[in-house]
Number of protein chains: 2
Amino acid sequence: MKNNLRIERAIKNITQADLAELIKVSRQTINTIESNRYVPSAVLALKIAKVFGKPVEEIFELEDSD
Amino acid sequence: MKNNLRIERAIKNITQADLAELIKVSRQTINTIESNRYVPSAVLALKIAKVFGKPVEEIFELEDSD
DNA sequence: AATATATGTCAAGTTTATTTTACATTTTTT
DNA sequence: AAAAAATGTAAAATAAACTTGACATATATT
């Protein structure tokens with residue numbers, strides 16, 4: 001699964017730590033999601049999408065490998 | 001997090017086992033997601049939404065408790 | 001160039017998702 | 001009413017998410 005966190009953060013000009021605080025997870029959780037080291041739960045995905053004001057599908061995209 | 005799996009399955013007229021096979025998980029996984037006993041991964045949520053042809057947000061909804 | 005801020009990553013630990021097997025109950029079909 | 005199909009659940013095992021703390025590197029600020 002791909003993600004656009006880096007781009008969306010850049011658009012909103014917020015850091016990984018900022019995003020982590022907004023959705024109440026650790027900074028490492030954001031970092032590892034952003035760098036594709038693990039897949040977030042649907043709750044986290046919904047919260048992240050909400051922060052960026054976009055649908056989940058615009059931020060997380062399935063790949064053939066999924 | 002709430003979900004509309006039961007309704008969406010009814011609309012498409014498919015069983016839990018059918019849905020499970022479509023997205024390659026066990027039937028129990030579908031059952032436990034549907035009965036809110038656990039939260040699926042973002043990959044599963046995306047796949048389920050894709051099966052029903054609707055955005056993730058229309059199938060899984062954040063609650064105040066999330 | 002020095003300092004501060006942001007990011008990458010690692011290891012160890014806890015919690016939660018997911019699988020498999022199995023059985024009981026409910027609902028649908030005949 | 002009987003049989004078949006669908007659903008609910010439970011226990012045990014494994015995999016994966018998430019946390020905390022810590023440190024190294026990279027990027028931005030002064």
Side-chain angles (χ1 to χ4, degrees):
Chain A
M1 190 186 66
K2 287 174 38 183
N3 77 80
N4 297 351
L5 286 193
R6 186 170 292 277
I7 292 167
E8 296 295 338
R9 282 198 304 104
I11 292 172
K12 269 194 89 95
N13 193 33
I14 60 176
T15 68
Q16 293 180 346
D18 291 336
L19 178 55
E21 192 172 11
L22 282 170
I23 65 178
K24 309 295 184 207
V25 291
S26 70
R27 180 180 67 81
Q28 286 82 342
T29 294
I30 298 300
N31 185 276
T32 52
I33 291 170
E34 185 165 320
S35 55
N36 282 303
R37 275 184 291 141
Y38 67 73
V39 172
S41 72
V43 167
L44 279 198
L46 283 165
K47 285 183 180 176
I48 290 171
K50 192 175 179 186
V51 163
F52 294 128
K54 299 193 175 170
V56 171
E57 279 86 350
E58 274 184 41
I59 299 189
F60 298 98
E61 293 171 37
L62 287 175
E63 293 176 295
D64 297 337
S65 52
D66 290 322
Chain B
M1 190 185 64
K2 285 174 40 181
N3 76 81
N4 297 347
L5 286 194
R6 186 169 293 276
I7 292 166
E8 295 296 337
R9 281 197 306 104
I11 292 172
K12 268 194 92 93
N13 192 33
I14 61 176
T15 67
Q16 293 181 345
D18 292 336
L19 179 55
E21 192 172 10
L22 283 171
I23 66 178
K24 308 296 183 204
V25 292
S26 69
R27 179 180 68 80
Q28 286 79 349
T29 296
I30 298 300
N31 185 277
T32 51
I33 291 171
E34 185 166 319
S35 55
N36 282 303
R37 276 184 291 139
Y38 67 73
V39 172
S41 71
V43 167
L44 280 197
L46 283 165
K47 285 182 179 175
I48 291 171
K50 193 175 180 187
V51 163
F52 294 128
K54 299 194 175 168
V56 171
E57 280 84 350
E58 275 184 41
I59 299 189
F60 298 99
E61 293 171 36
L62 287 175
E63 293 176 296
D64 297 339
S65 52
D66 290 321

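Below, read A as the first sequence line, B as the second, and so on, with proteins coming before strands; counting in each chain starts at 1.
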Quiz item: Which comes earlier along DNA chain C counting from the 5' end, the contact point of Ala17(A) or that of Val25(B), where each point is its nearest nucleotide?
Solution: Ala17(A)
Quiz prompt | Nearest-0.5 Å distance, CD of residue Glu34(B) to CD of residue Glu8(B) | solution = 11.0 Å
Quiz item: Does Asn31(A) have a side-chain nitrogen or oxygen under 4.0 Å from the phosphate oxygens OP1 or OP2 of dT7(C)?
Solution: no
Self-check item: Residues in side-chain contact (heavy atoms from CB on, under 4.5 Å) contact with Asn36(A), at least two apart in sequence or another chain
Solution: Asn3(A)
Quiz item: What are the bounds, 5' to 3', of the part of DNA chain D that sits under 4.0 Å from heavy atoms of chain B?
Solution: dA6(D) to dA10(D)
Self-check item: Closest contact, heavy atoms only, Val56(B) versus Ala45(B)
Solution: CG2-O, 4.0 Å
Self-check item: Residues within residues 3-16 of chain B bordering DNA chain C, heavy-atom distance below 4.0 Å
Solution: none
Quiz item: Are the side chain of Asp18(A) and the backbone N or O of Thr15(A) linked by a donor-acceptor pair below 3.5 Å?
Solution: yes
Self-check item: Val43(B), Leu44(B), Thr29(B) screened by side-chain contact (heavy atoms from CB on, under 4.5 Å) with Ile23(B), the one that passes
Solution: Leu44(B)
Quiz item: Rounded to whole angstrom units, what separation is found between the CE atom of Met1(B) and the C1' atom of dA17(C)?
Solution: 12 Å
Enumerate all atom pairs, one protein N or O and one N or O from nucleotides 27-30 of chain C, separated by less than 3.5 Å.
none

Quiz item: In residues 59-66 of chain A, which residues come under 4.0 Å of DNA chain D by heavy atom?
Solution: none
Quiz item: So how far is it from Glu63(A) CD to Leu46(B) CG, rounded to the nearest 0.5 Å?
Solution: 11.0 Å
Quiz item: Hey, quick one: are Tyr38(A) and Val39(B) part of the same hydrophobic cluster, counting side-chain heavy atoms closer than 4.5 Å, chains of contacts allowed?
Solution: yes
Quiz item: Do you know the tightest heavy-atom contact between Phe52(B) and Lys12(B)?
Solution: CD2-CD, 3.6 Å
Quiz item: Taking it one step at a time, do Ile48(B) and Phe60(B) satisfy side-chain contact (heavy atoms from CB on, under 4.5 Å)?
Solution: CA-CA 10 Å; Ile48(B) 291 171; Phe60(B) 298 99; 4.1 Å; yes
Exercise. Using only side-chain N and O atoms of Thr29(B), determine if any of them is under 4.0 Å from OP1 or OP2 of dT18(C).
Key: no
Quiz item: Looking at residues 34-57 of chain B, who's got a heavy atom less than 4.0 Å off DNA chain D?
Solution: Arg37(B)
Quiz item: Closest approach of Lys54(B) and Ile11(B), non-hydrogen atoms and distance?
Solution: NZ-CD1, 4.3 Å
Exercise. Looking only at non-hydrogen atoms, find the nearest pair between Gln16(A) and Asn31(A) and report the distance.
Key: OE1-ND2, 3.0 Å
Self-check item: Glu21(B), CD atom: more than 12 neighbouring heavy atoms under 6.0 Å
Solution: no
Self-check item: Nearest heavy atoms of Ala49(B) and Glu57(A), plus distance in Å
Solution: CB-OE2, 4.0 Å
Quiz item: To the nearest 0.5 Å, how far apart are OG in Ser35(A) and CG in Leu5(A)?
Solution: 9.5 Å
Exercise. Using whole Å, report how far CD1 of Ile33(B) lies from C1' of dT16(C).
Key: 13 Å
Practice problem: Report the C-alpha distance between Leu22(A) and Ile14(A) in whole Å, list the side-chain angles of each, state the deciding distance to 0.1 Å, and finish with yes or no for side-chain contact (heavy atoms from CB on, under 4.5 Å). | Solution: CA-CA 10 Å; Leu22(A) 282 170; Ile14(A) 60 176; 4.3 Å; yes
Quiz item: Once you round it to whole Å, what is the distance between P of dA12(C) and CD of Gln28(A)?
Solution: 16 Å
Quiz item: Is it true that atom CD of Glu58(B) has more than 12 heavy atoms of other residues, nucleotides or ligands lying nearer than 6.0 Å?
Solution: yes
